[in-house]
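Note that the structure is predicted; figures quoted are calculated from it, not measured. Values reported hereafter were calculated over all heavy atoms of this structure, with side chains retained and with hydrogens, waters and symmetry mates removed.
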Amino acid sequence: MNALWQRLRSISFDSQFITFLVGSILSMGLLIFRMYLTDSLMFFFLAWNLFLAWIPWLVAIWLTNKKRQTWILIAGSAIWLLFFPNSPYIITDLFHLRPRNGVPQWYDLTLIMSFAWTGLLFGLGSLYRMQMHVFNQFGKAWSITITGFIILLTSYGIYLGRFLRWNSWDLFTRPQELLLDVVDPLLAPRQNLGTTAFTILFGLFLVLTYLSFIQRQQQRISS
């Protein structure tokens, strides 16, 4: 188990860091070039969303790279969970895709997908890191159960962010209003079928992509 954990830490920090850094540089390069061509800040919000996607991955690395005190693990995990939905959230920025002057639509598609894919990788990498830490501490059953619950919460969080326009920091600035919007679909599921459908379907998408990611990581460990 210790050997597996040491190998995981090496993969997460070295190989993933290079991949994520290259993806971030490519995404920012595409964005800067678009800004140069159009003399417009359109899609600059993608840079902010990608920055938010870095946070849970860095928190996961910091939390799990050595033994931490219990209160630090709890507080750090709460911060990680709060920011984690920002990573796959960028996929929903495809809603902004439409013909615009200055660049062809395929360029904007490539731009958004570059940010979305990089953000998703940050999310998958940090989730895998956290799951393996739970697995190492509490076993397989707990790691699978907690991971599944986190994916479900993440899908719901993405719905809150995309359609109700809530942000992670609103938990501290507007907690009462946020709580009302969080609880309302849960209390009246029949009146919020769209919310339930989005949460389940997007959750299934995340499960499939995460399983593919896990398979790749396990191949690296075994090689």
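Contact check for L52 versus S168: no side-chain heavy atoms found under the 4.5 Å cut-off. Looking at heavy atoms from C-beta onward, F138 lies out of side-chain contact with T145 at the 4.5 angstrom threshold. With a 4.5 Å cut-off on side-chain heavy atoms, F115 and L31 count as touching. Taking the side chain as every heavy atom from C-beta outward, M132 and S143 never approach each other to under 4.5 Å. Using a 4.5 Å heavy-atom cutoff, the side chains of S77 and L63 are in contact. Side-chain contact check for M28 versus L46: every heavy-atom pair is 4.5 Å or farther apart. By the 4.5 Å heavy-atom criterion applied to side chains, L206 and L120 are counted as neighbours. Two residues are said to be in side-chain contact when any heavy atoms from C-beta on lie closer than 4.5 Å; F84 and M130 fail this criterion.
Of the N and O atoms on the side chains of Y210 and Q131, at least one donor lies less than 3.5 Å from an acceptor on the other residue. With no hydrogens or angles considered, a side-chain donor-acceptor pair links N49 and D93 at under 3.5 Å. Of the N and O atoms on the side chains of T195 and Y159, at least one donor lies less than 3.5 Å from an acceptor on the other residue. In this model, no donor atom of one side chain and acceptor atom of the other lie less than 3.5 Å apart for W57 and S87.
Contact between I90 and N86 at its shortest, heavy atoms only, is CG1-O, 3.7 Å. Between S114 and G23, the shortest heavy-atom contact is OG-O, 4.2 Å. When all heavy atoms of I158 and P85 are compared, the pair lying nearest together is CG1-O, 3.9 Å. A pairwise comparison of heavy atoms in S27 and T118 identifies OG-OG1, 3.6 Å as the closest pair.
Clustering ILVMFWY residues whenever any of their side-chain heavy atoms sit less than 4.5 angstrom apart, transitively, puts L50 in a cluster other than the one holding I32. By the rule that hydrophobic residues join a cluster once side-chain heavy atoms approach within less than 4.5 Å of another member, I200 and I91 end up as members of separate clusters. Transitive grouping of hydrophobic side chains (ILVMFWY, heavy atoms separated by less than 4.5 Å) keeps F83 and L152 in distinct clusters. Under the 4.5 Å side-chain heavy-atom criterion for grouping Ile, Leu, Val, Met, Phe, Trp and Tyr, W71 is connected to L73 within one hydrophobic cluster. Linking ILVMFWY residues whenever their side-chain heavy atoms come closer than 4.5 Å, directly or via other members, places W169 and V182 in the same cluster.
Between F122 and F20, the ring-plane angle classifies as tilted under the 30° and 60° cut-offs. Taking the six-membered ring where tryptophan is involved, the planes of F17 and W54 are perpendicular, since the angle between them exceeds 60° and thus also 30°.
How far CG of L153 is from CG of L160: 10.0 Å, rounded to the nearest 0.5 Å. Annotation: the span from Q191 atom CD to D184 atom CG amounts to 9.0 Å, rounded to 0.5 Å. Atom-to-atom distance recorded for R100:CZ and F43:CZ is 4.0 Å, nearest 0.5 angstrom. How far OG of S155 is from OH of Y89: 14.0 Å, rounded to the nearest 0.5 Å. In this structure, the separation between OG1 on T64 and NE2 on H133 is 6.5 Å, given to the nearest 0.5 Å.
Salt bridge present: D108 and R34 bring a charged side-chain N and a carboxylate O closer than 4.0 Å.
Counting only distance, with no hydrogens or angles, the side chain of R174 and the backbone of L171 share no donor-acceptor pair below 3.5 Å. Within the 3.5 Å criterion, the main-chain N or O of A188 finds a donor-acceptor partner in the side chain of N192. No donor-acceptor pair under 3.5 Å is formed between the side chain of D181 and the backbone N or O of L178. T147 places no side-chain N or O within 3.5 Å of a backbone atom of I144 that could act as its donor or acceptor partner.
Taking the six-membered ring where the residue is Trp, the centroids of F202 and F205 are separated by under 6.0 Å. Aromatic ring centres of F163 and F198 lie closer together than 6.0 Å. In summary, the aromatic rings of F51 and W48 are positioned with their centroids under 6.0 Å apart.
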Next on the checklist: Applying side chain to side chain contact (heavy atoms under 4.5 Å, CB included) to L124 and Y128, what does each step give before you reach the verdict?
Outcome noted: CA-CA 6 Å; L124 298 176; Y128 181 66; over 6 Å; no
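Annotation: side-chain hydrogen bond (donor to acceptor under 3.5 Å, both in side chains) contacts of Y156 (sequence neighbours excluded): none.
Other residues, nucleotides and ligands contribute over 12 non-hydrogen atoms within 6.0 Å of the CH2 atom of W166.
Annotation: cation-pi pair R68/W62 present, NZ/CZ under 6.0 Å from the ring centroid and within 45° of its normal.
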